[in-house]
Amino acid sequence: MDDVSDQYSPADVEAAIDDYWDDHDAYEATKAAHADDPTFFFVDGPPYTSGQMHLGTAWNKTLKDAVIRQKRMTGHQVTDRPGYDMHGLPIEVKVEEELGFESKQDIEEYGMEAFIEECKTFAEDNRVAMDDDFQSIGAWFDWDNPYKTISPEYMEAAWYGFKQVADRGLVEQGKRSISQCPRCETGIANNEVEYDQVEDPSIYVKFPLADREGSLVIWTTTPWTIPANTFVGVGEELTYQKVRATKGGDEDVLYIAAECVDDVLGKGRYDDYEIEAELDGSELVGWEYDHPLAEEVPDYPSFEGAGEVYTADFVEADRTGLVHSAPGHGEEDFHRGQELGLDIFCPVAGDGTYTDAGGKYAGQFVRDANDDITADLDANGALLAEETYTHSYGHCWRCDTDIIQLATDQWFISITDIKDELLDNIEEAEWHPQWARDNRFRDFIENAPDWNVSRQRYWGIPIPIWVPEDVDSEDDLHEQMIVIGTREELVERADQDIDPDDIDLHRPTVDDITITEEGTTYRRIEDVFDVWLDSSVATWGTLDYPTETEAFDELWPADLIIEAHDQTRGWFWSQLGMGTAALGESPYNEVLMHGFANDKHGRKMSKSVGNIVTPEEAIDRAGRDPLRAYLLSHDQQGVDLSFDWDGLGSMVGTLNICWNVFRFPLTYMDLDGYDPAEPDLSEGELTTVDEWVLSRLQSVIEETSEAWADYRIDDALNTVLDFVTEDVSRFYIKATRERMWEEGDSPTKLGAYATLATVTNAVIRLLAPVTPYMAEEMYQTIDGSETTVHALDWPEVDDDLRDPQLETDMAVLRDVEEAAANARQRGGRKLRWPVSRVVVETDDDEVASAVENLADLLGERVNTRAIDVVSEFDELIEYADPQMGEIGPAFGGGAQDVMNAVEGATRDEVEAGIEVNGETVDLDDEMVEYRKEPPEHVTGTDFEGGTVYVDTTLTDELESEGYARDVIRRIQEMRKELDLDVESEISVGLAVDDDRVAGFVDEHRDLISEEVRAAELTDAPSEDADRLETWEIEDTEVEIGVSVIAEQTA
RNA sequence: GGGCCGAUAGCUCAGUCAGGUUGAGCGCUCGGCUGAUAACCGGGAGGUCCGCGGUUCAAAUCCGUGUCGGCCCA
């Protein structure tokens, strides 16, 4: 047996086990051990390779790792290929920063191919670093073979999926209003937009009516969108007022929502006004107005239907109650414009500058044009008021540039066409927690817009769409397109000679490939996929499908995915969308959604607040197993974690108890040559506590297994930890330790060995998924017949060992014991001193029989000579409590004296007649109430089933043993200070500074000598003793000298 | 602005689904044990169950509303 460290040192255990795992290929051995088990297809959500592991990703990978380990132990062959998400704008932006680029122009000049190579290097370098990070927390995945979204097989998986979507007619091209980053010059997804408070202009503008007097008043924070104004929206249900307002000598007729009139006129500094008419919103519909920048922007929307009032359901009685609408920009405006059949006018290019259609403003950056436009509106007499407004406004998640809304040509997956199918498919997957699916996820899907999958960028999977070189119409490209699904198909249809095994599907290689069919030459569109599309195909990308088909046919769809709640709108969604659109099914059957790691106050960790805790620091300060156990001991289902150093420290303490429980019996077993690997419970004699702890173990195995099956991992872990600390350490070992040092082949010792070994073997397995290092160290120490603890089977409940009645009885015993300890403490009698009796008063038969069944054990534990169980403790004394409400009126001026006489008297005394000032007074029953108290030297404490009374009355015999035990304890302490071996003999000199106490001690000379292994015990401590100390025992000074006779007798 | 989640002891969290005397660990404090010993164990103090309103014989729990924190969306 290896030496076992006295002290649980996570760092040492983990370093040793890391080496052990390496040297013995433990990971491979684990997989081999479960190679023939039923499959379990887990899919790793790929982290993005732009940074390092943080506490949240550490939690995520730890949770996945624990689930995988546990699944394996319950007999599954688990797919554990880790993934990395390696394309996309974030990496492009970081590389641009490194290279000092400011725009797409710089990339083009640098060369697309070289730029993409830089992106690839960046992603790959980060991936390698993240590999190390994840392995540092003990995550066992197939690190030699991760799936990377930039590999040809994976990119093909995306093409394949997209092709299925296209075949179902769900790929469309068209103008949509999207969020555009003018610096990156690409559309970005809504979830790539971050919001922040910014100060923008806030202007009120008068749109002069064409066929009647007055103006419509609108409000906007984006003056730059006014050139594209196409219509004005009003609320159908709102009421509008025509007001004639005066300012100085001027007069304006304005149309404003009734609720807004005062406010708007205040902003415009009008002196006075009159309401001339009141109209419903619907009455304004069809009114025409003149574009306020008609001169500056000659190409302004003047087509059929433009420049009119329409109803729009997004209009509220806010600001003016009339909304300036530009379908070429805003998303709501765009949708309403489509409904109304209006043309889309957008005079802004992808880089945020006005095109020629912008007239006077052509070439100017839109946000820079705000001032000019406001000034021109003013000059045109259209500006009613101007101020600023601070509100949340979106900016690019990567480069922080303020986004702009533009209607541009994009490619879409028409999610809205398959909404019903999506909603049905939600039901196919079971979620933990379920509310996340039925509330959050369902809400999101019900509102999901079409998925814009095109990005006008470089580092991504090129969209496999080829369109005719000379297209006639931009509008129906999706009807003329060719979509390529595999490399093989590309080779077959391409005009060029391509080696399918060799081709890099990235830009710019694929850009040069053309397809000519039926006389038409097709060229690839230049866009790449939104990076969310990459990970959306992970369930088959993990399996290298369609390059390889066998694994897909056997495994798909995924049995389980595990991510944090931000992925509801991310990966949980993108996969369902893609799976449904491409293959008609949910690509996963079960979802475990965990939370975020916040700081101890529940606030998000951030650099600027300075509250970031790194996994490295946590591992440094506590250890990997403690960190893992800490993270997994909290709710894993949808709830955030408030990381707290003290909590992590407590976990170290708890694991230390596990360590001590494990190591405690090993010394004795070793001395006796007992092999804890194969405990045989029939070999020795089992006592009640053995049977009890074995029964408890079965309950714990059952509860833990059920919790794992529900992914209530915190419950599973805490059940085991509670069992070890409360049942095994606190109770079982305390009750059993003496049996450890019985001599020879004592049957009860063997029974204790077998019991502890059985418990330990099971607990090691139950802890292995969460604290793999510690569990491995324990397993290799006591057994080691398998290469790794993870090759073992998960423990199963042994019904023969269950005894529910005993578990119930023992629970009662523990309550009674606790109450007795409390009574002892209050009675001032420490446990080392025996008491004469303990009385348990209860009217509950269950409690009475439990105490009677376990009386011997209880007697030992509370150190009493006797235990009585009674339904009523008849020694209680009733003390009088005078009721002044009755006594006062009856005795008047003498009441005070009566009270003093009655107070504290016993019932017997009161009933015998109380004397006050020499006279016996008559007391009615109502004048005195009684409270029951135990007699002197007896202390009672309530517990759930009754009351426990401890009689601390001393007798010479009890006192004698008490002193003897105290002396033994002091000598043992001195042995420890001398660092003596258990076997070493000593000589003891003992001088007690009190004759009575000396007599007590003397009565137990034999006991003392035996307990402390003293060869001789004299009354005179020698000045030459190896250790000489004076102790105070219950106010008596005792001088003790200890000398070593022989270091070792053996 | 909207959806979802959370708020319980100084701290971290159970308990909320299914209403019935709020619990644990840590910390604090007092103590015990002593062949697990730089280990282990017990007692005590400590609560506006986030605020307000409602339903009910009874609300931490159900309903409404507000505040704060988190995620997502606009």
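Proteins get letters first, then strands, A, B, ... in listed order; numbering begins at 1 in each. Owing to the predicted nature of the structure, the values given are computational and were not obtained by experimental measurement.
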Under a 3.5 Å limit for both distances, which nucleotide forms a Watson-Crick or G-U wobble pair with B:G35, could you say?
none
On RNA chain B, does the nearest nucleotide to A:D443 precede the nearest nucleotide to A:S633 from the 5' side, or the other way round? Give the residue.
A:D443
Any side-chain N or O of A:K734 below 4.0 angstrom from OP1/OP2 of B:C40?
no
Do A:S729 and A:F664 have side chains that get closer than 4.5 Å, going by heavy atoms?
no
Distance check: side-chain N/O of A:S642 vs OP1/OP2 of B:C13, anything under 4.0 Å?
yes
Checking all strands, does A:D722 fall into the base, sugar-phosphate, or nothing category for heavy-atom contacts under 4.0 angstrom?
nothing
Distance-only polar pair, side chains of A:D438 and A:W431, donor-acceptor under 3.5 Å
no
OP1 or OP2 of B:G42 less than 4.0 angstrom from a side-chain nitrogen or oxygen of A:R730, does that happen here?
yes
Any donor-acceptor N/O pair, A:H329 side chain to A:Q405 backbone, under 3.5 Å
yes
Name the closest nucleotide to the A:N660 side chain, picking from B:C73, B:A39, B:C4.
B:A39
Rounded to whole angstrom units, what separation is found between the CH2 atom of A:W1031 and the C1' atom of B:U34?
11 Å
Taking the side chain of A:F444 as heavy atoms from C-beta outward, which of B:C73, B:C5, B:A36 is closest to it?
B:C73
So what does A:G602 touch, heavy atoms closer than 4.0 Å: a base, only the sugar-phosphate, or nothing?
sugar-phosphate
Check the distance between B:G42's C1' and A:E817's CD and give it to me in whole angstrom.
10 Å
For A:R696 and A:F723, indicate whether the former's side chain and the latter's backbone hold a donor-acceptor pair under 3.5 Å.
no
So if I take every side-chain heavy atom of A:I657 and compare against B:C5, B:C13, B:C41, which nucleotide ends up nearest?
B:C41
Answer with base, sugar-phosphate or nothing: what part of the nucleic acid does A:S729 contact at a heavy-atom distance below 4.0 Å?
base
Could you tell me whether the side chain of A:D727 reaches within less than 4.5 Å of the side chain of A:Y732, counting heavy atoms only?
no
So which protein N/O to nucleotides 7-11 of chain B N/O distances come out below 3.5 Å?
{"residue": "B:C11", "atom": "O2'", "partner": "A:D644", "partner atom": "OD2", "Å": "3.4"}

Return the pairing partner of B:U12 with a 3.5 Å limit on both distances, Watson-Crick or G-U wobble; otherwise return none.
B:A24
State whether the distance check finds a donor on one side and an acceptor on the other, under 3.5 Å, for side chain A:R737 versus base B:U37.
yes
Selection from B:C4, B:C73, B:A39 that lies nearest to any side-chain heavy atom of A:N656
B:A39
Need to verify one output field. Residue with the more 5' nearest nucleotide on RNA chain B, A:F643 or A:V661?
A:F643
Would you please confirm or rule out a distance under 4.0 Å between OP1 or OP2 of B:G32 and any side-chain N or O of A:R969?
no
Have a look at A:L641 and say if it touches a base, only the backbone sugar-phosphate, or nothing, with a 4.0 Å heavy-atom cut-off.
sugar-phosphate
Specify the separation, in whole Å, of atom CE of A:M669 and atom P of B:A36.
14 Å
Under a 3.5 Å threshold, yes or no: a donor from one side chain and an acceptor from the other, between A:H594 and A:N60?
yes
B:A45 and B:G53, which share atom name P, separated by this distance in whole Å:
31 Å
Can you name the atoms? Protein N/O to nucleotides 18-21 of chain B N/O, anything below 3.5 Å, with the distance.
none

Determine the Euclidean distance between corresponding C1' atoms of B:G46 and B:U12; express it in Å to zero decimal places.
16 Å
Taking the same atom, C1', in B:G10 and in B:C28, what whole-Å distance lies between them?
9 Å
Has the side chain of A:Y753 got a donor or acceptor atom that lies under 3.5 Å from a matching backbone atom of A:Y668?
yes
Does a distance-only test, which skips hydrogens and angles, find a donor-acceptor pair under 3.5 Å between the side chain of A:R440 and the base of B:C71?
yes
Using the C1' atom on both, measure B:C71 against B:A39 and round to a whole Å.
43 Å
Does the distance from a Lys or Arg side-chain N to an Asp or Glu carboxylate O, for A:R336 and A:E332, drop under 4.0 Å?
no
If the P atom of B:G64 is compared with that of B:G25, how far apart are they to the nearest Å?
36 Å
Are side-chain N/O atoms of A:T416 and A:D450 paired as donor and acceptor at under 3.5 Å?
yes
Measure the distance from CD1 on A:I968 to P on B:C33 and round it to the nearest whole Å.
12 Å
Okay, side chain of A:N656, backbone of A:V652: is any donor-acceptor separation there less than 3.5 Å?
no
Using Watson-Crick or G-U wobble geometry with both distances below 3.5 Å, tell me the partner of B:G1, or none.
B:C73
Ring geometry between A:Y389 and A:W219 (parallel below 30°, tilted from 30 to 60°, perpendicular above 60°)
perpendicular
Integer angstrom distance from the C1' of B:A18 to that of B:C62:
11 Å
Within this structure, what is the CG-to-C1' distance between A:N611 and B:G69, rounded to whole angstrom?
13 Å
A:Q637 CD to B:C5 P, straight-line distance once rounded to whole Å
14 Å
Can you check the A:D635 CG to B:A24 P distance for me, whole Å?
21 Å
Strand partner of B:A60, provided both Watson-Crick or wobble distances fall under 3.5 Å:
none
In whole Å, measure the gap between the C1' atoms of B:A9 and B:U22 for me.
10 Å
Over how many whole Å does the gap from A:N598 atom CG to B:C68 atom P extend?
17 Å
Using a cut-off of 4.0 Å on non-hydrogen atoms, how would the nucleic acid contact of A:D640 be classed: base, sugar-phosphate, or nothing?
sugar-phosphate
Looking at the side chain of A:Y668, which of B:G35, B:G70, B:C4 is the nearest nucleotide?
B:G35
Side chains of A:R1027 and A:R975 in contact at under 4.5 Å (non-hydrogen atoms):
no
Students often mix this up, so state it plainly: with edges at 30° and 60°, are the rings of A:Y630 and A:F643 parallel, tilted or perpendicular?
perpendicular
Using the P atom in both, what is the distance from B:G15 to B:C5, to the nearest Å?
15 Å
Paired nucleotide for B:U65 [Watson-Crick or G-U wobble; both distances under 3.5 Å]:
B:G51
OP1 or OP2 of B:U37 less than 4.0 angstrom from a side-chain nitrogen or oxygen of A:R663, does that happen here?
yes
